[in-house]
Chemist: 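A single structure is presented below for examination.
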Amino acid sequence: MDKGTLMSQEAAEQGGGGSFSSLRAYGRALSQTPRRLARRACAATSPEEEMSRVRARSGASMARALRWPDLVGLGLGGMVGAGVFVTTGRATRLYAGPGVIVSYAIAGLCALLSAFCYTEFAVDMPVAGGAFSYLRVTFGEFAAFLTGANLIMEYVFSNAAVARSFTAYMGTAVGVDSPSKWRIAVPGLPKGFNEVDLVAVGVILLISVCICYSTKESSMVNMVLTAVHVAFILFIIVMGFWRGDVRNLTHPADPAHPGGFFPNGVGGVFSGAAMVYLSYIGYDAVSTMAEEVERPARDIPIGVSGSVVIVTVLYCLMAASMSMLLPYDAIDTEAPFSGAFRGSEGWGWVSNVIGAGASLGILTSLMVAMLGQARYLCVIGRSGVMPAWLAKVHPKTATPVNASVFLGLFTAALALFTELDILLNLVCIGTLFVFYMVSNAVVYRRYVVGPHSTSADNSTASSDERRPRRGAWPTLAFLLAFSLIALSFTLVWKLAPQDGRSRVGLLVACGVAAVATVGAFQALVPQAHTPELWGVPGMPWVPAASVFLNVFLLGSLDRPSYVRFGFFSAAAVLVYALYSVHSSYDAEESATLEGAKVQDEACKV
């Protein structure tokens with residue numbers, strides 16, 4: 001008996017109404033949870049399905065109106081937020097010293113490696129789901145849902161915090177030192193929830209309306225705001241080089257502190273790179289715009305990689321100007337740029353300018369993040385693991401209005417009352433985890449999963465059965481072994497005594513083991529396919545380096561981040577078992593019975 005007949009019989013047993021048609025049907029569905037989990041958790045779709053049958057669940061298509069300049073602008077807007085104004089000071093004072101310039105260059109190179117992995121998927125499969133869709137076609141539905149759910153929650157919480165920080169930076173721009181003056185105190189509410197921030201709510205709702213109206217117009221607004229923000233950054237750079245002193249690059253304020261360009265050695269530079277890497281988070285949101293790009297094969301590589309390169313240059317220049325303004329041991333870790341001018345007679349107004357620039361950075365990063373999170377949720381709705389209502393695209397605006405409105409209201413509700421300490425300069429563990437998963441996924445897909453179906457009867461065969469699986473175990477073994485080596489390196493880096501020779505020996509041993517593992521895998525396991533349009537160069541070295549970096553950064557996070565990640569993951573698993581697996585099962589059953597086939601004719605390559 002084939003699966004189509006079996007699913008027809010199961011539909012008849014449920015009365016044809018699905019798992020949620022009645023309490024009795026839902027109870028029957030719950031009793032079948034283990035079997036459905038076994039069938040759906042590892043079920044992987046094909047890129048063709050994602051671009052045709054799955055995308056058709058949104059109804060109207062998103063408008064393909066973006067070109068590479070729009071993507072570069074969105075990438076700049078997403079990355080160049082307020083975080084750089086904080087992380088630079090901390091990385092300089094605590095770790096790298098003036099060598100923070102090199103730290104930014106290293107972090108930029110690492111961000112570019114991860115961006116390459118996103119780009120290969122986005123060009124080959126230009127849909128709005130970003131990492132969720134990429135993981136769904138490689139590791140299956142459950143891995144995609146778990147990472148996607150964590151990423152959505154991180155987006156919502158961090159966007160709410162960023163919106164509230166807009167009040168503080170705007171206050172700095174107009175000379176209001178305390179953001180509480182712009183907020184309404186509510187007696188009786190617990191501390192941390194007792195200050196109503198109407199400015200933050202207004203900003204979120206205004207951006208929500210903008211992204212619902214039109215993606216192209218939202219991109220134009222972002223381009224204007226980003227251009228002004230970059231102008232502020234260039235002003236800061238010029239002022240730093242003009243007012244700065246080259247001696248500050250090598251001479252500390254306190255002679256008792258170590259001097260030189262690298263006061264804390266190479267280790268300090270790499271620790272600083274781990275901290276400032278957080279300022280690069282945001283380029284991943286550009287990949288969620290792939291479904292709205294005119295020519296994905298041309299525009300996405302230029303847009304994603306170009307934005308990372310430009311941001312790296314700006315960050316290095318900002319770090320150099322700050323390091324010239326003050327000795328590294330005199331830099332204010334909380335407000336390095338504004339603090340450098342605040343104490344200078346006649347130059348205090350520059351602090352206000354910096355506050356205005358940071359405010360614009362918050363607006364652009366918030367807009368790009370909200371554009372990205374809406375498209376993540378839209379495609380999650382398409383997949384069937386969340387209500388299909390979230391997947392609908394409005395026929396007039398050609399935007400995912402339902403997902404945008406839902407997340408906008410949810411984020412605004414959090415920003416209204418809640419003081420969140422998840423600031424822009426702190427890493428989102430969900431985002432780094434997704435970077436790690438995507439880097440693994442691009443290797444897995446190159447070496448295991450072929451780009452096309454192999455079954456002659458695509459209408460009844462399941463997606464995972466249609467794929468060649470040669471090399472699956474060697475590839476999984478490589479990814480696991482390499483991740484363990486990266487984890488070992490991270491643990492030695494963090495826990496071993498700083499001055500011990502054994503530490504250096506262990507780090508070198510881990511590095512040699514990592515290189516040997518990648519080399520052996522490249523020599524022994526052939527690639528399953530080569531991308532037709534654009535692929536990650538230096539396979540598997542580039543994604544392996546990205547995996548290593550993201551494991552290193554994940555290992556640098558604090559305990560509360562892992563507690564939060566564990567809580568979100570447990571909640572996501574519960575939602576998946578009680579709702580998503582049954583909803584997804586019903587959606588695939590319906591598609592199999594109807595034999596729906598939709599062709600993607602809008603994409604020009």
Side-chain angles (χ1 to χ4, degrees), residues 66 68-89 104 107-108 111 158-159 161-174 199-200 202-204 206-207 210-211 217-241 276 278-286 289 303-304 306-322 335-338 340-341 349-372 423-425:
L66 301 179
W68 67 263
D70 298 289
L71 299 183
V72 170
L74 290 169
L76 288 175
M79 284 182 279
V80 187
V84 66
F85 291 97
V86 178
T87 55
T88 306
Y104 267 115
S158 61
N159 286 346
V162 168
R164 287 184 72 93
S165 69
F166 174 82
T167 305
Y169 280 101
M170 182 56 69
T172 301
V174 299
V199 175
V203 167
I204 291 173
L206 183 62
I207 292 177
C210 184
I211 65 176
E217 274 65 27
S218 297
S219 173
M220 293 176 64
V221 171
N222 173 75
M223 290 278 281
V224 173
L225 293 176
T226 299
V228 178
H229 184 214
V230 171
F232 275 106
I233 289 177
L234 293 176
F235 168 78
I236 295 170
I237 293 171
V238 171
M239 292 297 295
F241 280 98
V276 301
L278 315 181
S279 299
Y280 286 91
I281 290 177
Y283 63 82
D284 59 306
V286 178
M289 313 302 297
V304 177
S307 62
V308 173
V309 171
I310 294 173
V311 166
T312 300
V313 173
L314 289 176
Y315 283 170
C316 289
L317 291 175
M318 287 183 72
S321 68
M322 186 198 65
F337 292 97
S338 59
F341 290 98
W349 59 273
V350 179
S351 297
N352 297 353
V353 173
I354 292 172
S359 300
L360 288 174
I362 288 173
L363 288 179
T364 57
S365 63
L366 194 57
M367 176 173 287
V368 175
M370 293 181 70
L371 279 168
L423 299 177
L424 191 64
N425 64 299

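In what follows, residues are counted from 1 in the order of the sequence shown.
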Chemist: Look up atom OG1 in Thr226 and atom CG in Leu74, then write down how far apart they are to the nearest 0.5 Å.
Modeler: 7.5 Å

Chemist: If I take atom CE from residue Met318 and atom CD1 from residue Ile236, how far apart are they, to the nearest 0.5 angstrom?
Modeler: 5.0 Å

Chemist: Which atoms form the tightest heavy-atom contact between Ser321 and Gly240, and what is the distance?
Modeler: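 Answer, listing the atom of Ser321 first, then Gly240: CB-CA, 3.7 Å.
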
Chemist: About how many Å separate NE2 of His229 and CG of Leu234, when rounded to the nearest 0.5 Å?
Modeler: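 Separation between the atoms: 10.5 Å.
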
Chemist: What pairs with Asp70 under side chain to side chain donor-acceptor pair (under 3.5 Å), at least two apart in sequence or on another chain?
Modeler: Lys216, Ser219

Chemist: For Ser307 versus Val72, what's the shortest heavy-atom pair and its separation?
Modeler: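 Answer, listing the atom of Ser307 first, then Val72: CB-O, 3.8 Å.
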
Chemist: First locate atom CG of Leu366, then atom CD1 of Ile207, and finally report the distance between them rounded to the nearest 0.5 Å.
Modeler: 4.0 Å

Chemist: What residues, two or more places apart in sequence or in another chain, satisfy ring pair (Phe, Tyr, Trp, His ring centres under 6.0 Å) together with Tyr280?
Modeler: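 Ring pair (Phe, Tyr, Trp, His ring centres under 6.0 Å) check on Tyr280 returns Tyr315.
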
Chemist: Which atom names give the shortest non-hydrogen contact between Ser365 and Gly78, and what distance separates them?
Modeler: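 Shortest heavy-atom separation between Ser365 and Gly78 comes out as CB-O, 3.9 Å.
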
Chemist: Mind checking what makes side-chain contact (heavy atoms from CB on, under 4.5 Å) contact with Val304, not counting sequence neighbours?
Modeler: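 Ala115, Thr119, Val286, Ile300.
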
Chemist: List in chain and number order the residues that pass side-chain contact (heavy atoms from CB on, under 4.5 Å) with Val228, two or more places apart in sequence or in another chain; answer none if no residue qualifies.
Modeler: Phe232, Leu360

Chemist: Test of understanding: with side chain to side chain donor-acceptor pair (under 3.5 Å), list the residues that count as partners of Thr364, not counting sequence neighbours.
Modeler: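 Side chain to side chain donor-acceptor pair (under 3.5 Å) check on Thr364 returns nothing, list empty.
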
Chemist: Roughly how far, to the nearest 0.5 Å, is CD1 of Ile237 from CG of Leu314?
Modeler: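 So the gap between those two atoms works out to 5.5 Å.
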
Chemist: Who are the side-chain contact (heavy atoms from CB on, under 4.5 Å) partners of Cys316, not counting sequence neighbours?
Modeler: Ile101, Tyr104, Ala105, Thr312

Chemist: Taking all atoms of both residues into account, what is the closest heavy-atom pair of Val221 and Met367, and its distance?
Modeler: CG1-CE, 3.9 Å

Chemist: So do Met79 and Val308 actually touch side chain to side chain, heavy atoms under 4.5 Å?
Modeler: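 In contact.
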
